[in-house]
**Student:** 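Quick one: the structure is below, and I'll ask about it shortly.
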Amino acid sequence: MEISSKLRFADLANNHGYEVIENINANKEGSYFKTIAGRFAKNKVAMLSLILFILLILAAVLAPVISPYPPNKTVGNFEAAPDREFRLGTDEIGRDVLSRLIYGARVSLIVSMGSVAIYVVIGTTLGLISGYFGGITDAAIMRITEVFMSYPYFMVILVLVSLIGPSIWTVTFVLGFLGWPPLCRLIRGQVLYIKTIDFISAAKATGYSTSSILFKQILPNVLSIILVNATFGIANAILTEASLSFLGMGVRPPAASWGNMLANAQSLTVLSMQPWRWVPAGIIILAAVLVVNFIGDGLRDAVEGETK
Amino acid sequence: SGEATDKTVNSAAGNETSNESSASSDILYIGMTNAPASFNVINTADIAGRWVQRFMYDSLLTMPTTTTFEPGLADSFETEDDQNFTIKLNEKAVWSDGTPVTADDVVFTLNYIANPEVETARGTNIAMLEGTTAAGKLEEGLTEIPDLVAVDDKTVTLKTKNPVDPAYIKEFLGFELMMLPKHIVESIPAKEYGNSDACNNPTVTSGPYTFVQYQNGSYVELAANPDYYKGEPELKKVFIKIMNGTNLVTEFQSGGIHMAAGGGIGVVPVQDLDILRNDPNIQVDANPGFNSQFMLINNTKYNQKLRQALAYGINRQLIVDNLLKGEGEVLSSVYALASPYMNEDLKPIEYNPEKAKELLAESGFDTSQEIKLIVPIGNKVREQSANLIEQDLEAIGLKVTQTTLDFPTVMATVKTHDFDMCLMGFGYTVEPDMSTYYASTGSMNFGQINDAHLDELIEKGTSLTSFEERKAVYDEFQQYMQDNTFILGLYSDYQIAAKNKILNGGITSYWSGSLADIQNWNLNGAQ
Amino acid sequence: MEESKILEVKDLAISFKTFEGEVSAVRGVTFDLHKGETLAIVGESGSGKSVSTKAINRILPKKNTFIKSGEIIFEDKDLLKISEKEMQGIRGKDIAMIFQDPMTSLNPTMKIGRQIAESIIVHQHENKENAIKRAVELLDMVGIKNPEKSSNLYPHQFSGGMRQRVMIAMALACHPKIIIADEPTTALDVTIQAQILDLMNELKDKLNTSILFITHDLGVVAQMADRVAVMYAGKIVEIGTVDEIFYNPQHPYTWGLLASMPSADIEGHDLYNINGSPPNLLCVPKGDPFAPRNEYALEIDFEEEPEMFKVSDTHYAATWLLHPNAPKVTPPIEVMRRREKFLNLKMKEVI
Amino acid sequence: MGLVQNKNVILSVRNLNQYYNEGKKNEVRAINNISFDIYKGETLGLVGESGSGKSTTGRAILKLSDITSGSIIFDGKDITKIDGRKETLKFRKSMQMIFQDPYASLNPKISVMDIIGGALDVHKMTNSRKERTERVYELLEVVGLSKDYAFRYPKEFSGGQCQRVGIARALAVKPDFIIADEAISALDVSIQAQVVNLLKSLKKSRDLTYLFIAHDLSMVKYISDRIAVMNAGRILELAPSDELYRMPLHPYTESLLSAMPTPYPDDERSRHRIYYDKKYHTYDDETKVKLNQIAPGHYVYCHEDEIKHYVKKYKQLNK
Amino acid sequence: MKKYIIKRILIFIPVLFMISIGAFLIVNLAPGNPVDMYVSPDMTVEQIQATKEALGLNDPLIVQYAKWVTNIMRGNLGFSFSSRIPVSTILSQRVGPTLLLMSISLVVAYALAIPLGILSAKKQNSIVDYVVTGLSFTGISLPSFFLGLGLIYVFAVQLKWLPTGGTKLLGVDGGIADKLRHLILPVIVLATQFAANMIRYARSSMIDVYNENYMRTAVAKGLKPMQILKDHGVRNALIPIITVIGADIPKIVGGAIVTEQIFQWPGIGSLMVASINSRDYPVLMAITMISAVAVLVANILVDIMYAVVDPRIKFS
Ligand SMILES: Nc1ncnc2c1ncn2[C@@H]1O[C@H](COP(=O)(O)OP(=O)(O)OP(=O)(O)O)[C@@H](O)[C@H]1O
Ligand SMILES: Nc1ncnc2c1ncn2[C@@H]1O[C@H](COP(=O)(O)OP(=O)(O)OP(=O)(O)O)[C@@H](O)[C@H]1O
Ligand SMILES: [Mg+2]
Ligand SMILES: [Mg+2]
Ligand code: NI
């Protein structure tokens with residue numbers, strides 16, 4: 001290394017050092033969503049979950065193709081343990097548990113995702129509005145949540161169903177429209193103090209409209225609460241659907257859902273001696289909820305630039 | 001708890017399966033799945049309530065089997081012309097406050113029921129008496145039932161409108177009605193009896209047990225009546241615990257109950273029955289009963305051929321064998337297995353899908369139509385059977401969709417006749433008259449059955465007074481019902497009587513009469 | 001001089017993991033701090049001043065921080081190696097820290113008084129009452145009016161400057177051996193600032209406290225510091241006594257800093273500034289990171305990072321210009337002026 | 001130098017009061033009846049004790065808080081009367097603030113790209129995603145940040161870097177009036193110089209007006225045309241900037257200037273400070289105390305009786 | 001603050017009124033008729049009419065409601081349709097067990113969940129965190145009928161350690177120990193549900209707090225991790241936790257339906273189910289009103305707690 005020979009003034013116009021940096025930029029010029037997708041892809045747990053979730057949805061969509069038996073037909077012995085023919089055994093009237101599980105995904109996924117989507121939208125919007133505006137608006141919205149939280153759930157559902165008529169969409173909407181108050185209150189609680197932080201003033205000063213402040217500025221800060229609520233909401237909805245189906249709303253009986261598979265197995269004998277009738281449904285519910293949770297977490301981390 | 005086990009030491013029940021609840025050998029624990037709605041003996045429609053009332057209130061007669069009557073408050077209940085009856089009361093019978101049970105009490109109770117001011121569900125039980133309407137209320141202008149006389153302190157005479165089968169009046173009036181204490185009830189305004197303390201926390205009763213307390217939805221506590229005229233019951237206390245079906249099993253196993261109430265208000269779920277059967281301490285009996293499951297058919301929509309097709313097309317034996325685990329039988333017609341009027345020669349229609357298809361074709365029914373099958377929730381076997389029925393019907397070419405509804409909604413639906421088919425269970429009495437269900441004017445004729453010949457048979461059956469004559473009519477009635485399948489009898493499940501073997505006593509083959517000898521029950525049974 | 005060293009940072013290198021890649025925030029920082037001395041760290045914002053000082057107290061976010069190399073010797077212990085428990089005994093008691101962002105550094109749900117009292121309770125084992133009393137005294141000391149009442153208020157009821165003073169009070173509470181003050185007076189008006197600086201100096205004289213003082217205000221440096229370190233892009237580029245840095249700066253970046261300040265005769269003209277943007281620490285280019293912005297850059301600057309050249313016993317600078325073979329350059333006038341002054345000063349000393 | 005030729009008033013504050021917790025035990029009179037004007041194209045420096053109400057004044061002008069009383073007229077319009085989305089947007093576009101606390105004023109969950117880009121979106125200043133990205137990079141470069149930082153989040157930045165993001169956000173919408181609340185104190189001097197130069201050139205090229213709140217008196221002096229000195233919610237002295245430095249009249253101003261540190265270690269060692277005695281603004285009868293003009297454009301908050309004294313002082317200093 | 005509470009309580013009344021109208025409509029709109037549930041098959045049409053009359057079901061809805069309201073004002077909750085026992089008597093027997101079960105379950109749940117959630121946050125992305133997360137998801141995915149049944153099977157039937165159900169031994173006095181033994185299993189089931197939920201909120205809220213600068217300040221002060229957590233962390237994480245508690249409290253009324261049934265616990269939940277099944281309007285109305293009061297009180301408490309916990313939040 002001949003130091004001395006290079007101790008000459010450099011020509012600054014010819015900026016050697018910056019070349020490398022330009023290269024980095026080239027990778028990043030892509031759209032915002034690409035950036036986020038890229039970050040998400042780096043999170044192994046989230047990616048694995050996403051794949052599982054896609055598989056689950058595929059299974060639901062392709063149910064007629066992949067399920068070994070028709071789901072609602074008696075195809076084997078009653079209450080038979082798993083064997084080569086019926087991988088997960090049969091239920092109380094000889095239907096194939098595996099096939100029912102696959103078809104059940106349709107109902108359970110639609111109901112849970114649908115209803116959670118609905119109540120997250122309502123709960124979040126009202127919660128943001130309530131916490132942000134305060135005063136009369138807040139009082140009014142809070143009183144409405146109180147009204148909603150006071151009624152016996154099942155009674156309301158009974159009435160609604162008698163008015164609308166039972167279907168899986170009714171379950172979805174009913175659960176969606178009744179489930180929002182707790183989330184609304186949670187978000188409102190957070191917003192109450194988030195709105196005192198300077199970045200809200202900054203957003204106001206920038207000229208953000210109130211709705212943008214709510215949805216673009218505050219919303220990202222309550223995302224973690226929404227995610228917690230939503231993932232649990234999904235588990236809840238799957239199980240609640242079962243009890244609603246019992247009340248005559250929701251899926252009509254021969255049709256399977258994960259929830260009603262579990263509920264049908266509600267007996268001491270099944271619990272202690274026929275695990276195949278409840279374990280698979282239980283596990284798939286748990287798995288679905290976990291998967292959704294990890295996807296949610298991963299997404300949030302990617303959006304917020306958190307590294308694991 | 002230590003204290004409880006100390007008490008167990010001397011007791012005959014001191015085995016390791018019985019834990020704290022069976023600690024004392026003179027306390028009986030009963031498991032019941034339906035909470036009693038009320039203790040109003042003249043205005044209770046629910047079976048659970050009526051069953052509990054029987055511990056406290058006595059009727060004139062007891063009915064240990066479907067065909068025998070034994071003395072209750074009445075030593076005798078006689079007639080010579082099937083129209084005038086003389087009732088002699090037990091000399092020793094007293095109310096729990098010491099007042100003797102007299103003829104006045106009987107006359108008062110019957111008149112009370114007939115009183116238009118009084119709200120009652122028991123009108124039908126006295127509607128055979130002269131001077132009453134079909135609803136059992138006093139006819140216009142009367143203030144009390146004519147010919148109902150307290151001849152002396154312990155003798156009552158009464159007269160029916162027409163001659164009746166003595167068994168009928170003995171069951172309806174003698175067995176089903178429980179007597180009220182006049183000296184207590186008369187002081188309460190007629191309209192308020194149902195809401196009164198005397199009704200809801202009864203202290204003056206005449207039965208083997210007296211009321212201690214009812215913890216709403218939890219348990220009823222009863223204490224032996226030391227002055228009971230048949231002798232003080234051996235079991236000094238009874239707790240009737242309210243629980244769900246699955247808990248009956250776990251409570252049996254843990255020793256928390258000695259017996260299940262049975263009879264539709266305390267039934268061990270059939271899928272768990274084997275658990276109890278395998279338990280050496282538990283005795284499980286299955287007897288033919290009066291509860292049966294039916295498929296209501298809307299007669300205005302479906303003709304005879306089609307209804308018959310249903311009977312052939314549904315594999316009812318499969319339901320009995322698999323869902324009921326054999327604890328029941330396929331119904332041949334409408335009468336339950338335990339009924340003495342059951343037509344033994346009538347065999348159920350055999351499952352024959354080919355025949356069903358033929359009949360279906362003959363019926364001219366448009367099979368592209370969707371048939372709505374209503375299934376009330378609450379009975380697991382029935383809900384599962386609906387799935388099999390749906391498959392069977394689809395197999396013969398019908399289109400079926402199920403709708404599950406809660407019971408009140410089902411009732412509202414069938415009452416407006418806005419249904420195609422509906423599964424429903426009925427609990428019949430020994431008395432074979434079924435006009436409420438099947439007569440064209442019957443209040444429970446949900447299927448809108450309207451058949452002149454059937455009406456005629458029903459009419460004829462009620463007008464006769466001897467068992468043999470009536471049986472002949474009702475045999476024909478059953479045959480006719482089967483031929484026309486106005487309603488499709490699915491199955492009649494056996495009455496399951498489960499008890500711990502230490503209990504001497506318990507549910508007998510005729511469930512309603514099981515309590516006839518309760519004063520003799522004890523916990524000294526075999527281990 | 002060696003034995004009076006209280007803190008020695010050797011070759012400290014720290015990076016952060018981000019989605020874009022690894023950010024090398026500190027790239028080999030070496031300095032020492034003597035008892036009773038004030039070392040001011042100045043430099044480009046984002047050059048790693050806060051990060052390297054936070055590393056001393058081990059309070060960098062655990063999640064994505066990597067200490068790549070280095071030693072931090074405090075009283076013969078390597079702070080990077082001792083247990084968390086041992087560290088707890090040092091934080092607040094021996095080494096106290098005043099954070100840069102007072103708005104968010106105070107617990108919004110705890111009364112000011114209690115927040116100050118807390119460390120007194122922990123480290124001096126005072127009871128709560130006395131600790132609060134001390135806290136009120138401290139509030140008074142840092143110039144908060146109505147200290148009694150203020151100690152019962154919550155942070156959101158304070159203005160930025162008031163919060164900063166609370167932070168300062170908190171740091172002073174336990175008479176620490178080292179105070180790390182990260183821009184402690186940026187939010188303060190000059191009178192309060194002067195008051196606080198006096199207070200810190202007083203403490204330093206009385207208790208022989210050492211102060212690590214980060215600031216951008218060269219006036220404050222001039223007033224407070226015994227020695228000054230200049231940082232750029234995760235490295236110390238020049239270090240020396242306050243006079244050496246202010247009157248005889250050697251590194252072109254230091255020149256730029258000194259020249260950038262508004263001075264009496266500049267009115268109406270633009271301020272001098274260093275062209276270009278600071279380097280991206282995600283991907284530090286080969287050679288001297290300052291080179292692309294350096295008017296005096298040599299060819300070698302783009303290929304090799306300069307070593308620390310010794311100027312005097314106390315003065316070192318990392319620039320190839322100090323290489324004996326390097327061409328001689330003329331710094332900006334402002335620096336020339338300062339050099340003159342330096343010569344005068346030296347003269348005075350000599351005389 | 002110092003006096004503004006173009007005397008168009010852009011902002012006029014009259015008898016502004018801002019109380020916190022009004023009517024309660026813990027009432028704070030953050031601003032106590034202040035009045036001043038800002039002319040178009042000038043820079044008004046606002047210095048003073050910390051907690052004296054500088055930020056509060058800024059926020060009030062920006063319509064971020066509901067003022068207790070008084071009036072604020074911006075561009076001929078009473079800002080309390082601004083209503084409707086269109087008018088509000090226009091107001092917001094014309095006035096921006098750089099917040100004092102760089103961390104708290106940046107949304108922790110939003111990347112720098114969207115913090116700055118958001119401002120552009122609000123005022124529909126770009127037509128395409130690409131243009132928006134370009135513009136954000138440009139702004140980052142203007143404030144001396146590498147554009148590689150665009151997708152980072154505030155917590156990954158140093159204080160000064162955050163502050164620069166705040167500046168970029170304010171500049172993004174091309175406002176006419178900027179309130180800079182300690183905008184540069186977190187920056188190193190060379191970046192300070194860069195930003196100040198930028199502000200100055202913008203002022204020149206776009207006729208921008210600034211309310212420049214700062215503690216660094218040399219920088220305030222350098223950038224401001226006029227300077228107001230605040231203490232305890234009041235303006236104590238208001239004068240053209242070089243005049244204020246040359247001839248501070250109010251004792252508080254004197255004490256401030258005497259405490260101003262200089263970047264010369266040897267001078268610093270031998271400085272002596274003037275201490276301010278609070279009794280100067282505790283008057284028994286507040287009604288006769290107000291901001292009085294002592295010389296053209298030079299105001300001092302004092303009692304009627306004190307005017308003479310100040311006039312004399314002014315003349316002495318003005319030799 | 002006093003003023004605020006009084007104001008809130010005054011708002012109570014119109015809100016309750018609104019709720020009662022809604023509840024009355026809902027209850028009456030539900031398909032099915034109470035009378036159907038109280039008649040026996042052998043009753044004639046006239047008899048059924050008489051029953052209807054006696055229950056006041058023949059009046060127009062408005063009249064029925066007006067009667068109900070006037071009775072309520074007089075403190076008269078009416079009589080149950082099905083049992084004709086005063087609703088107040090029924091409730092007085094049912095509220096106690098529910099309150100007992102629920103309050104203990106909530107306390108147990110929170111006592112477990114909040115520390116676990118915080119621990120999980122503290123050790124974010126560690127094994128501990130994953131285990132706690134897994135547990136909480138299992139808790140929420142496991143329907144209470146299964147958990148309850150499983151516990152009964154293991155602890156009551158197989159091991160015979162604990163009673164299968166009920167609130168106490170009948171016929172013998174087992175004292176307080178006996179009552180506690182009866183509480184264990186139902187409390188586990190309920191607490192699992194509540195805890196599973198709370199763990200997640202506590203965790204997420206705590207994670208947010210751990211990212212705050214003041215937590216760093218606390219570390220820099222040399223406080224012990226426990227102290228930092230207790231004095232600085234928890235309080236700031238409380239806002240969502242309080243909200244969750246506020247949303248849990250009203251579940252006292254309907255939240256334990258399944259658990260009550262499995263464990264023969266004579267609480268409000270099972271009463272509600274029975275009343276729905278028999279369309280017992282007066283009881284349903286009373287339960288709704290109780291639940292409304294629970295909701296309202298819980299919400300007032302929550303709002304007060306907000307302001308107590310976080311000085312930045314003001315009453316308004
Ligand atoms: N948590 C983090 N994640 C990623 N990068 C970080 C993080 N914290 C700091 N950095 C980066 O590390 C570098 C050094 O930051 P540091 O806070 O030490 O700067 P500084 O010298 O204190 O600047 P200032 O004077 O502006 O406070 C900066 O480029 C910053 O962006
Ligand atoms: N939300 C509030 N509630 C009560 N008092 C407040 C509130 N916000 C500010 N104050 C008080 O108002 C006064 C003025 O505060 P402001 O932030 O305007 O001061 P400042 O001049 O900007 O000070 P600094 O230079 O320290 O930022 C201070 O005394 C402060 O305590
Ligand atoms: Mg810093
Ligand atoms: Mg301020
Ligand atoms: Ni039934």
Side-chain angles (χ1 to χ4, degrees), chain C residues 16 18-20 23 42-46 49-51 100-101 103-104 153 157-162 164-165 183 186-194 216-223 225 242-243 246-247 256-258 260-262 266-268 270-274 277-280 282 341 345, chain D residues 1 20 26 28 47-52 55 100-104 141 144-146 148-149 151-152 156-161 163-164 182 185-194 196-197 200-201 215-219 221-222 242 255-256 259-268 271 273 276:
Chain C
F16 295 102
T18 69
F19 271 111
E20 279 73 38
V23 176
V42 298
E44 187 224 0
S45 97
K49 303 185 295 295
S50 302
V51 170
Q100 188 174 3
D101 35 2
M103 297 299 231
T104 51
L153 294 179
Q157 291 163 310
F158 273 31
S159 77
M162 290 160 83
Q164 186 117 50
R165 281 181 270 168
E183 309 196 21
T186 17
L188 302 180
D189 68 87
V190 282
T191 48
I192 303 279
Q193 170 172 300
H216 292 302
D217 189 332
L218 296 182
V220 171
V221 175
Q223 191 182 333
V242 66
D243 287 339
F246 274 84
Y247 297 126
L257 281 187
L258 289 167
S260 299
M261 279 181 305
I266 197 166
E267 293 205 359
D270 269 1
L271 292 171
Y272 174 90
N273 72 51
I274 306 169
S277 327
N280 180 355
L282 253 180
K341 237 179 157 177
L345 280 177
Chain D
M1 175 70 230
Y20 290 110
N26 54 345
V28 178
V47 298
E49 197 184 18
S50 94
S52 59
S55 300
Q100 178 170 15
D101 186 328
Y103 285 101
E141 222 144 282
L145 279 178
S146 158
D148 302 320
Y149 293 164
F151 289 100
R152 281 218 220 160
E156 295 170 346
F157 283 117
S158 75
Q161 289 169 329
Q163 187 62 280
R164 282 182 266 171
E182 306 275 353
S185 56
L187 308 179
D188 70 78
V189 272
S190 86
I191 310 263
Q192 275 184 16
Q194 229 170 46
V196 166
N197 286 345
K200 277 199 118 175
S201 78
H215 290 305
D216 183 346
L217 294 177
S218 51
M219 199 54 98
K221 180 182 169 215
Y222 171 71
D242 56 340
S255 89
L256 264 188
M260 180 175 138
T262 58
Y264 296 98
D266 56 325
D267 296 356
E268 282 304 314
R271 82 174 302 117
R273 298 210 318 258
Y276 168 56

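Below, chain A is the first sequence line, B the second, and so on; all start at residue 1.
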**Student:** Report which part of C/Val51 has an atom under 4.5 Å of a heavy atom belonging to chain D: side chain, backbone, both, or neither.
**Tutor:** neither
**Student:** Could you state the interatomic distance from OH (D/Tyr264) to CG (C/Leu258), rounded to the nearest 0.5 Å?
**Tutor:**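 Separation between the atoms: 8.5 Å.
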**Student:** If you count heavy-atom pairs under 4.5 Å between each of D/Val28, D/Asn197, D/Val47, D/Val189 and chain C, which one has the most?
**Tutor:**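 Most pairs with chain C among the choices: D/Asn197.
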**Student:** Go through the atoms of C/Glu183 and report whether side chain, backbone, both or neither lie under 4.5 Å from a heavy atom of chain D.
**Tutor:** side chain
**Student:** Side chain, backbone, both or neither: which part of C/Tyr247 has a heavy atom under 4.5 Å from chain D?
**Tutor:**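 For C/Tyr247, the side chain is the part near chain D, not the backbone.
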**Student:** Under 4.5 Å, counting heavy-atom pairs only, tell me which of D/Gly160, D/Ser201, D/Gly48, D/Pro261 racks up the most with chain C.
**Tutor:** D/Pro261
**Student:** With a 4.5 Å cut-off on side-chain heavy atoms, are C/Val221 and D/Pro263 touching?
**Tutor:** no
**Student:** Taking side chain as everything from C-beta outward and backbone as N, CA, C, O, which of these in C/Phe16 sits under 4.5 Å from a heavy atom of chain D? Side chain, backbone, both or neither.
**Tutor:**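 Neither the backbone nor the side chain of C/Phe16 comes within 4.5 Å of chain D.
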**Student:** For D/Gln194 and C/Ile274, indicate whether the former's side chain and the latter's backbone hold a donor-acceptor pair under 3.5 Å.
**Tutor:**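 Yes, the answer is positive, given that a donor and an acceptor are paired below the 3.5 Å cut-off.
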**Student:** Could you tell me which portion of C/Gln157 (side chain, backbone, both or neither) has an atom closer than 4.5 angstrom to a non-hydrogen atom of chain D?
**Tutor:** side chain
**Student:** Do C/Arg165 and D/Ser50 touch side chain to side chain, with heavy atoms closer than 4.5 Å?
**Tutor:** yes
**Student:** With a 4.5 angstrom heavy-atom cut-off, could you sort out which part of D/Ser255 is near chain C: side chain, backbone, both or neither?
**Tutor:**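 For D/Ser255, backbone and side chain are both near chain C.
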**Student:** So for D/Glu182, is it side chain, backbone, both, or neither that comes closer than 4.5 Å to the heavy atoms of chain C?
**Tutor:** side chain
**Student:** Checking C/Leu257 against D/Asp188 for the side chain to side chain contact (heavy atoms under 4.5 Å, CB included) test, could you report, in this order, the C-alpha distance in whole Å, the side-chain angles of both residues, the deciding distance, and whether it holds?
**Tutor:** CA-CA 8 Å; C/Leu257 281 187; D/Asp188 70 78; 4.0 Å; yes
**Student:** D/Arg164, D/Gln192, D/Met260: which one forms the most heavy-atom pairs within less than 4.5 Å of chain C?
**Tutor:**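 Of D/Arg164, D/Gln192, D/Met260, D/Arg164 has the most heavy-atom pairs under 4.5 Å with chain C.
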**Student:** Has the side chain of C/His216 got a donor or acceptor atom that lies under 3.5 Å from a matching backbone atom of D/Ala186?
**Tutor:**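 Side chain of C/His216 to backbone of D/Ala186: a pair is present.
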**Student:** What part of D/Gln100 lies closer than 4.5 angstrom to a heavy atom of chain C: side chain, backbone, both or neither?
**Tutor:** side chain
**Student:** Which atoms of D/Ser158 are under 4.5 Å from chain C, going by heavy atoms: the side chain, the backbone, both sets, or neither?
**Tutor:**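 Side chain of D/Ser158 only, per the 4.5 Å heavy-atom cut-off to chain C.
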**Student:** Check each atom of C/Thr186 against the heavy atoms of chain D and say whether the ones under 4.5 Å are side chain, backbone, both or neither.
**Tutor:** both
**Student:** D/His215 and C/Leu188: which non-hydrogen atoms are nearest, and at how many Å?
**Tutor:** CG-O, 2.9 Å
**Student:** Where does D/Tyr103 contact chain C at under 4.5 Å (heavy atoms): side chain, backbone, both or neither?
**Tutor:** side chain
**Student:** Could you give the distance from CG (C/Asp189) to OG (D/Ser52), rounded to the nearest 0.5 Å?
**Tutor:**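 Answer rounded to 0.5 Å: 7.5 Å.
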**Student:** Counting heavy-atom pairs under 4.5 Å to chain D, which of C/Val242, C/Ile192, C/Leu153, C/Asp217 comes out on top?
**Tutor:** C/Val242
